[in-house]
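What's counted below: heavy atoms across the whole structure, side chains too, no hydrogens, waters or symmetry copies.
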Amino acid sequence: MVYLQCERSWGHTDLKNRIIDTSLQLFEKHGFHGVSVNQIVQESGTSKGGFYHHFHSKDELLFVIHDYFISYVLNKATEAISTSTHPTEKMQKMITSFVKVFDLYKPHISVFYQESGYLKPLYARSIKEKREKYKTLLFTLIEEGVAAGEFRPELDRTIIGMSILGMVNWSYKWYKREGEKSIEEIAEIYVDFILLGLLTPEAKQNPRYARYFLSNKALT
């Protein structure tokens, strides 16, 4: 990758987190171009030296906001695939972590959809690369599940993969932390819905996967 600075290890200091939290509030309210570094510095109670110690520019700050949650879901997907044996288990973990990101990084995601068009090309490519890696992991997992006899072979792999991505991604539009259901409950509903459509009849009868279905949870 050309932009090596993007891949450096971000220091999770209190000041850095305060700058990010302040920026999220300001970007949501005024937009990326409606906020200056001076405003961020003033509202976060730091100095320009403190800001530039952590970020080379306001553009890099916007990139870091985007990168946080995309890196989270990518790392969780990689972890699910490397620590589980069966495709269905991998899919359950991948969907669950994907859904939970909308609670963990809700402000980051709101700013992403509102301001992503302002990312500099180099930063945008880095984000796109990670999104494509996630998509590849998901599509490969679907192929693996079909080969293992757990996922239905008659389903179009591309349409299924894009449907999962689209359905879960849309959660950012309606999910509210103060809503009727917790993010864990919402994740269980997604898992139930997706796996019921994806699994073969034989896989649905496998006791290993019975705990993923809400109908079985209600009986315990």
Side-chain angles (χ1 to χ4, degrees), residues 1-82 93-94 96-138 165-166 168-173 175-177 183 187:
M1 183 183 296
V2 177
Y3 185 65
L4 297 179
Q5 290 289 348
C6 295
E7 300 303 314
R8 72 171 183 250
S9 176
W10 307 106
H12 292 278
T13 66
D14 289 340
L15 175 57
K16 181 176 182 179
N17 288 331
R18 193 162 74 245
I19 291 171
I20 291 173
D21 290 343
T22 300
S23 300
L24 286 168
Q25 295 172 28
L26 291 172
F27 291 163
E28 278 194 286
K29 186 175 181 179
H30 304 292
F32 178 71
H33 284 303
V35 176
S36 67
V37 171
N38 284 336
Q39 284 178 281
I40 296 170
V41 166
Q42 183 176 358
E43 292 292 330
S44 61
T46 185
S47 64
K48 278 196 173 181
F51 179 92
Y52 288 113
H53 174 74
H54 293 288
F55 307 100
H56 292 152
S57 63
K58 193 176 71 165
D59 294 303
E60 184 183 54
L61 170 60
L62 182 62
F63 165 76
V64 172
I65 288 171
H66 290 29
D67 190 63
Y68 267 20
F69 74 89
I70 291 173
S71 293
Y72 171 85
V73 292
L74 182 58
N75 291 338
K76 284 294 184 181
T78 302
E79 178 184 305
I81 289 170
S82 63
K93 290 181 180 179
M94 202 167 170
T96 299
S97 63
F98 191 6
V99 174
K100 286 184 176 180
V101 77
F102 294 96
D103 180 71
L104 291 169
Y105 293 102
K106 184 171 173 50
H108 298 66
I109 294 169
S110 295
V111 168
F112 170 78
Y113 283 107
Q114 177 179 305
E115 307 294 342
S116 60
Y118 296 122
L119 278 173
K120 297 296 185 184
L122 211 52
Y123 295 127
R125 283 198 296 272
S126 178
I127 296 297
K128 184 177 180 181
E129 284 177 11
K130 291 189 176 183
R131 292 170 70 89
E132 286 299 316
K133 284 181 182 177
Y134 188 89
K135 179 180 171 183
T136 298
L137 286 176
L138 177 63
L165 291 172
V168 180
N169 265 320
W170 195 249
S171 302
Y172 93 95
K173 287 293 258 184
Y175 169 69
K176 298 183 185 303
R177 285 175 176 164
I183 197 66

Holding to side-chain contact (heavy atoms from CB on, under 4.5 Å), I want the full list of residues that pass it with [X], two or more places apart in sequence or in another chain.
{"X": "Ala187", "result": "Thr96, Val99"}
{"X": "Lys135", "result": "Glu132, Phe139, Met162, Leu165"}
{"X": "Ser71", "result": "Asp67, Asn75, Lys130"}

Using distance only, find each side-chain donor-acceptor pair of residues 42-52 under 3.5 Å and give its atom names and separation, not counting sequence neighbours.
| from | atom 1 | to | atom 2 | distance (Å) |
| --- | --- | --- | --- | --- |
| Ser44 | OG | Ile40 | O | 2.6 |
| Ser44 | OG | Val41 | O | 3.3 |
| Ser47 | OG | Gly49 | N | 3.4 |
| Ser47 | OG | Gly50 | N | 3.0 |
| Lys48 | NZ | Asn38 | OD1 | 3.2 |

Taking all non-hydrogen atoms of both residues into account, name the closest pair between [X] and [Y] and its distance.
{"X": "Ala80", "Y": "Lys93", "answer": "CB-CB, 3.5 Å"}
{"X": "Ser97", "Y": "Met94", "answer": "OG-O, 3.1 Å"}
{"X": "Glu60", "Y": "His54", "answer": "OE1-O, 4.0 Å"}
{"X": "Tyr134", "Y": "Leu74", "answer": "N-CD1, 3.8 Å"}

(request) Output, in order, the C-alpha distance, side-chain angles, deciding distance and verdict of side-chain contact (heavy atoms from CB on, under 4.5 Å) for Tyr68 and Ile20. (result) CA-CA 11 Å; Tyr68 267 20; Ile20 291 173; 3.5 Å; yes
(request) State which residue, out of Val73, Val168, Ile183, fulfils the side-chain contact (heavy atoms from CB on, under 4.5 Å) condition with Val101. (result)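 Of the listed options, the one satisfying the test is Val73.
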Can I get a per-line list of side-chain donor-acceptor pairs under 3.5 Å for residues 22-33, giving both atom names and the distance, sequence neighbours left out?
| from | atom 1 | to | atom 2 | distance (Å) |
| --- | --- | --- | --- | --- |
| Thr22 | OG1 | Arg18 | O | 2.8 |
| Ser23 | OG | Ile19 | O | 2.7 |

(request) Working to the nearest 0.5 Å, report the span between CG of Asp14 and CG of Asp21. (result)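 Asp14 CG to Asp21 CG: 10.5 Å, rounded to 0.5 Å.
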(request) Report yes if some heavy atom in the side chain of Leu137 is under 4.5 Å from a heavy atom in the side chain of Lys133; otherwise report no. (result)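 Sidechains of Lys133 and Leu137: no contact.
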(message) Checking Ser171 now: which residues fulfil side-chain hydrogen bond (donor to acceptor under 3.5 Å, both in side chains) with it, not counting sequence neighbours?
(response)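 With neighbours one apart ignored, the set is Tyr190.
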(message) Which residues pass the side-chain hydrogen bond (donor to acceptor under 3.5 Å, both in side chains) test with Lys76, not counting sequence neighbours?
(response)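 For Lys76 there are no side-chain hydrogen bond (donor to acceptor under 3.5 Å, both in side chains) partners, ignoring immediate neighbours.
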(request) Measure the acute angle between the ring planes of Tyr172 and Trp170, then classify it against the limits of 30° and 60° as parallel, tilted or perpendicular. (result)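 Because their plane-to-plane angle is over 60°, the rings of Tyr172 and Trp170 count as perpendicular.
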(message) Is there a side-chain contact (heavy atoms from CB on, under 4.5 Å) between Phe55 and Lys16? Walk through the geometry before answering.
(response) CA-CA 9 Å; Phe55 307 100; Lys16 181 176 182 179; 3.8 Å; yes
Exercise answer: donor-acceptor pairs, residues 102-113 side-chain atoms, under 3.5 Å, sequence neighbours excluded:
| from | atom 1 | to | atom 2 | distance (Å) |
| --- | --- | --- | --- | --- |
| Asp103 | OD1 | Tyr175 | OH | 2.6 |
| Asp103 | OD1 | Arg177 | NE | 3.2 |
| Lys106 | NZ | Tyr175 | O | 3.0 |
| Ser110 | OG | Lys106 | O | 3.1 |
| Tyr113 | OH | Asn169 | OD1 | 3.4 |

